[in-house]
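Just below is one structure, and these are the notes that go with it.
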Amino acid sequence: MEYRQLSPETVPGFLKDIPSVQQIFSDLDDLEVEEVGDGNLNFVYKVRQRKNPEQTVVIKQAVPFLRIVGESWPLSRTRMNFEIQALEHHTKYCPQHVPDIFYSSTDMSLVVMQNLNRHAVLRGEMILGKIFPKLAEHISSFLANTLFPTTDWCLTGGEKKAMVDRFINPELCKITEDFVLTNPYEDHETNVYHDEVTQADKDYLQQDSQLKVAVAEMKYAFMNHSEALLHGDLHIGSIMANEEETYVIDPEFAFFGPIGFDVGAFIGNLFLAYYAHEVRQKMLGREPFEYRNWILRTAEETWNQFQAKFEVNWVAHEQDAPSSYWNYQEGHIGFALQRQRFLRHIFEDTIGFAACKMMRRIYGLAKVADIAEIPDLKARLEVERNVMRMAKVMVQQRSSFRSIKELTALAQEISPLR
Ligand code: SR1
Ligand code: MG
């Protein structure tokens with residue numbers, strides 16, 4: 001099949017020929033299509049049958065450019081090949097948090113999947129101040145269950161290297177290397193500053209040698225530490241949820257990288273929301289305490305539960321296939337120490353990457369609506385300064401935090417819950 005970019009007008013004709021989609025709709029001549037993509041890269045269509053709107057799918061199609069910039073920024077469609085492969089992996093290891101996939105095509109660079117129409121993008125919901133009681137439980141399961149099976153603790157060296165090879169994703173890794181781990185920390189042409197940002201604000205990030213060394217270390221880790229198959233872009237816009245269920249979408253940035261990058265992406269986005277809600281809760285006419293407290297508890301529970309579940313998976317794997325390596329009298333002590341040290345390493349990376357994910361959203365090209373859509377620029381600037389204060393300590397002192405509680409305590413020291 002030859003690639004063509006779909007439009008709302010051409011979607012119905014395209015779907016008609018796909019057997020797995022024919023089973024979903026009782027009448028393929030009665031489809032209503034709406035383009036709903038609000039991400040930075042792709043086009044997303046919601047398709048419903050007019051007379052039976054519960055018969056519905058979503059199509060996500062990659063176009064050969066970066067949507068946030070336009071056709072002047074070419075980006076190959078192969079990103080969808082990685083998304084399709086990653087969705088298969090996520091479905092295998094954590095189906096309860098992945099949408100059903102009905103059809104995929106690397107030729108057309110698209111997937112047809114479950115329309116999560118009882119769920120909404122988490123970022124938008126959190127901006128509205130909604131609480132998701134099961135979020136930490138679900139995301140910690142997704143992380144532990146998708147990451148552990150692709151580590152060298154689980155796979156053989158040969159299996160792991162074959163997978164690393166299938167997930168060499170240089171174009172999207174370069175987006176992260178540039179937009180998350182380089183450009184915001186220099187006076188780069190792709191950065192975007194609002195009118196209240198001062199030279200001193202920029203210098204705080206762009207002329208601090210200690211900070212720049214620490215960020216460069218995180219970038220080196222991102223580029224070299226092929227620990228597990230990552231989602232690669234696990235911010236709260238890549239999650240759809242309601243109070244009961246949570247789905248992780250959009251794994252086109254998937255590649256083998258440092259585990260802390262995925263964990264840190266999620267936790268860093270919670271901290272961004274925490275600072276935004278110092279202002280947003282007041283905009284909503286509420287006292288900030290309850291919601292911001294929920295955000296910090298969610299960050300703590302995510303880390304604590306992730307750590308516990310990752311370890312459970314590791315122990316279960318060792319029990320299923322005991323290695324002769326730990327087969328000596330005190331082997332269980334050695335094995336426990338190994339787990340403890342590895343999780344400590346992930347914790348430090350989580351803090352360092354969370355910090356980078358926070359800082360890139362302030363001066364970098366791609367912002368987060370939580371903060372960027374605060375209408376009062378002076379209030380927005382104060383939020384941004386708090387983010388920068390916290391992120392700087394995090395990345396520079398990432399090895400000195402003893403627990404996730406110390407991290408949430410830092411968040412409150414910079415901006416009390418109130
Ligand atoms: C140009 S940067 C685009 C961003 O959008 C994606 O969601 C990733 O976060 C990426 O960094
Ligand atoms: Mg995305």
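All ligand and atom numbering here is 1-based and tracks the order in the structure. In what follows, residues are counted from 1 in the order of the sequence shown.
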No-hydrogen, no-angle side-chain donor-acceptor test under 3.5 Å, R4 and T10: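 No, T10 and R4 have no side-chain donor paired with an acceptor closer than 3.5 Å.
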Return yes if a side-chain donor-acceptor contact under 3.5 Å exists between N183 and N191, otherwise no.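 On atom types as modelled, these side chains do not qualify, holding no pair under 3.5 Å.
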If you count the atoms of ligand 1 from 1 in the order shown, which ones are under 4.0 Å from a heavy atom of [X]?
| X | result |
| --- | --- |
| L365 | 1 (C) |
| R361 | 9 (O) |
| H235 | 7 (O) |
| I175 | 2 (S), 10 (C), 11 (O) |
| R360 | 2 (S), 4 (C), 9 (O), 10 (C), 11 (O) |

Of all pairs that satisfy ring-ring contact (aromatic ring centres under 6.0 Å, His included), the ones with a partner from residues 1-52, not counting sequence neighbours: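 Residue pairs passing ring-ring contact (aromatic ring centres under 6.0 Å, His included), neighbours aside: none found.
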Counting only N and O atoms by type, is there a donor-acceptor contact under 3.5 Å from the side chain of S415 to the main-chain atoms of Q412?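 No; judged by distance alone, with no hydrogens or angles, the pair does not exist.
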Say whether D233, considering both its backbone and side-chain N or O atoms, lies within less than 3.5 Å of an N or O atom on ligand 1.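 Indeed, backbone or side chain, D233 has an N or O that close.
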Quick one: list whatever passes side-chain hydrogen bond (donor to acceptor under 3.5 Å, both in side chains) with K392, sequence neighbours left out.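 Partners of K392 under the side-chain hydrogen bond (donor to acceptor under 3.5 Å, both in side chains) test: D208.
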